[in-house]
Amino acid sequence: MKRINKQESPQWFEDWKRNFKAENNRNAHYKNDFSADDADGINRRRRLRESLVNEQGKICCYCMRRIYTDSSHIEHFLPKDFFADQDLSYENLLASCNGEGTMATEDEHCGHRKDNWWREDMISPTDIEVEKIFEYLPNGKMNSVRGRATSNIAQEMIHNLGLDSFHLERDRRQAIEASEVFNDVEYSEEEIRSFIEYYSNKDNGVYVPYCKAIIDCLEEML
């Protein structure tokens, strides 16, 4: 999982919340106020998704697949049904992919699979520790890092977010195979570190999909 570096909340979003409170004498909530089904609500959701997708370098907050404004949804890390006071907190909002879009439960992953699942010891994609608790293998599999206090919750996150799905393992494997990891070239340590630097950062505002999986495999080459 790639750490998401949250930026300042968009000014228009904070202005909308402030104006709503002034007009209605109460704080707005996501479901019935911000995310209304009228044209204004649809436009607000799209505008917020666009901000989140761009902030994340166009990768899903959980699985790191490529996402766009029209192929993602607004994800509440702290479920809005349980944390109503956080349902419009920008710090709690992320952009998740829409999974595989099938009727099969085992195909679902990320935000739609997570739904209202939550544990107090879950690690947020915005937490600096999130890149240390998972490991990716060249075959596309994903595990929790053993020997850490977070190993149990990390494994639960993999399962409850569907990050061990066939589709994601396949896509991660293909991304790793397309990278320098499987090139029939003997790279120097300096070259490998330059590849790691490339995959660790945005290029023209976007990350390479499954970048952290590629980074883990490159680090094993050092």
Side-chain angles (χ1 to χ4, degrees), residues 1-8 49-69 71-78 90-100 109-114 122-145 148 150-151 153-165 167-181 192-222:
M1 198 174 289
K2 186 81 174 76
R3 184 196 177 200
I4 303 301
N5 294 307
K6 293 295 289 182
Q7 307 299 313
E8 284 192 17
R49 277 201 316 278
E50 184 175 20
S51 293
L52 294 168
V53 167
N54 288 335
E55 178 179 66
Q56 294 173 196
K58 291 183 169 59
I59 59 171
C60 173
C61 62
Y62 296 127
C63 73
M64 302 181 292
R65 75 165 25 167
R66 172 70 70 231
I67 57 172
Y68 300 98
T69 305
S71 61
S72 60
H73 67 272
I74 296 170
E75 163 71 356
H76 292 74
F77 180 71
L78 299 177
Y90 191 70
E91 283 297 312
N92 189 44
L93 302 178
L94 302 163
S96 169
C97 72
N98 292 329
E100 300 303 319
H109 54 78
C110 299
H112 287 163
R113 170 72 174 263
K114 173 178 170 285
M122 281 175 66
I123 309 296
S124 168
T126 65
D127 193 310
I128 195 170
E129 292 295 308
V130 79
E131 295 191 5
K132 303 175 183 177
I133 66 173
F134 303 108
E135 63 179 1
Y136 299 89
L137 305 178
N139 62 6
K141 291 189 178 297
M142 177 184 186
N143 299 315
S144 64
V145 175
R148 294 180 62 93
T150 54
S151 60
I153 184 59
Q155 200 60 44
E156 282 199 44
M157 289 176 67
I158 291 171
H159 174 71
N160 286 289
L161 294 172
L163 300 179
D164 53 358
S165 78
H167 303 278
L168 290 178
E169 287 187 1
R170 175 202 61 202
D171 292 349
R172 287 193 296 259
R173 183 178 67 251
Q174 291 175 350
I176 293 166
E177 289 175 349
S179 74
E180 293 80 5
V181 174
I192 294 172
R193 293 193 184 281
S194 72
F195 296 146
I196 292 172
E197 179 72 12
Y198 169 73
Y199 288 109
S200 297
N201 295 285
K202 296 176 183 176
D203 183 17
N204 290 321
V206 300
Y207 287 115
V208 172
Y210 309 109
C211 51
K212 186 59 172 63
I214 298 171
I215 290 169
D216 280 9
C217 295
L218 286 168
E219 289 178 340
E220 286 298 312
M221 297 168 60
L222 290 173

Q.
What I'd like to find out is whether the side chain of Glu180 reaches to under 4.5 Å of the side chain of Tyr199, using heavy atoms alone.
A. yes

Q: State whether the side chain of Gln7 and the backbone N or O of Glu55 hold a donor-acceptor pair below 3.5 Å, judged by distance alone.
A: no

Q | Atom of Ser200, atom of Tyr207 and distance for their closest heavy-atom approach | A | O-CE2, 3.5 Å

Q) Just by modelled atom types, is the Ala95 backbone N or O under 3.5 Å from a matching donor or acceptor in the His73 side chain? A) no

**Q.** Heavy-atom closest pair, residues Val208 and Arg66
**A.** CA-NH2, 4.4 Å

Q: Would you confirm whether Arg65, through its side chain, and Gly99, through its main-chain N or O, come within 3.5 Å as a donor-acceptor pair?
A: yes

**Q.** Gap separating the NZ atom of Lys212 from the CD1 atom of Ile214, nearest 0.5 angstrom
**A.** 11.5 Å

Q) Heavy atoms, side chains only, cut-off 4.5 Å: are Ile4 and Thr126 in contact? A) yes

Q. Got a sec: does the NZ of Lys202 have more than 12 other heavy atoms crowding it under 6.0 Å?
A. yes

Q.
Quick one, Cys110 and Leu163 - any side-chain contact, counting heavy atoms below 4.5 Å?
A. yes

Q: Provide the closest heavy-atom pair for Asn98 versus Ser71 in the form atom of the first, atom of the second, distance.
A: ND2-C, 3.4 Å

Q.
As an exercise, state the distance from CG of Leu78 to CE of Met122, rounded to the nearest 0.5 Å.
A. 8.5 Å

Q | Nearest-0.5 Å distance that lies between atom OG1 in Thr150 and atom NZ in Lys132 | A | 10.0 Å

(Q) If I take atom SG from residue Cys217 and atom CZ from residue Arg173, how far apart are they, to the nearest 0.5 angstrom? (A) 12.0 Å

Q) Under 6.0 Å from the CD atom of Glu219, do we count more than 12 heavy atoms belonging to anything else shown? A) yes

**Q.** Lys6 to Tyr90 six-membered ring, cation-pi geometry met (6.0 Å, 45°)
**A.** yes

Q | Check: Arg3 side chain, Val130 main-chain N or O, donor-acceptor pair, under 3.5 Å | A | no

(Q) Is any side-chain heavy atom of Ile215 closer than 4.5 Å to one of Glu131? (A) no

Q) Just by distance, do the side chain of Lys58 and the backbone of Gly205 share a donor-acceptor pair under 3.5 Å? A) no

**Q.** Shortest non-hydrogen contact from Gly140 toward Arg172
**A.** O-NE, 2.7 Å

Q. Is the number of heavy atoms from other residues, nucleotides or ligands within 6.0 Å of CD1 (Ile128) greater than 12?
A. no

**Q.** Spatial distance of atom CE (Met142) from atom OG (Ser165) [nearest 0.5 Å]
**A.** 11.0 Å

Q. Is Arg148 salt-bridged to Glu129, going by a charged N under 4.0 Å from an acidic O?
A. yes

**Q.** Heavy-atom closest pair, residues Ala213 and Met64
**A.** N-CE, 3.9 Å

(Q) For a quick test of reading the model, state the closest non-hydrogen atom pair linking Lys2 to Cys211 and the distance between them. (A) CD-SG, 3.7 Å

Q) Atom CD1 in Ile74, atom SG in Cys61: separation rounded to 0.5 Å? A) 11.5 Å

Q: Using atom types as modelled and distance alone, determine if a side-chain donor or acceptor of Tyr136 lies under 3.5 Å from a backbone N or O of Met1.
A: yes

Q) Any side-chain heavy atom of Leu218 sitting closer than 4.5 Å to one from Val181? A) yes

Q. Do the side chains of Tyr210 and Ile176 get nearer than 4.5 Å, heavy atoms only?
A. no

Q.
Out of the candidates His109, Glu75, Arg113, only one should pair with Tyr62 under the side-chain hydrogen bond (donor to acceptor under 3.5 Å, both in side chains) rule; please name it.
A. Glu75

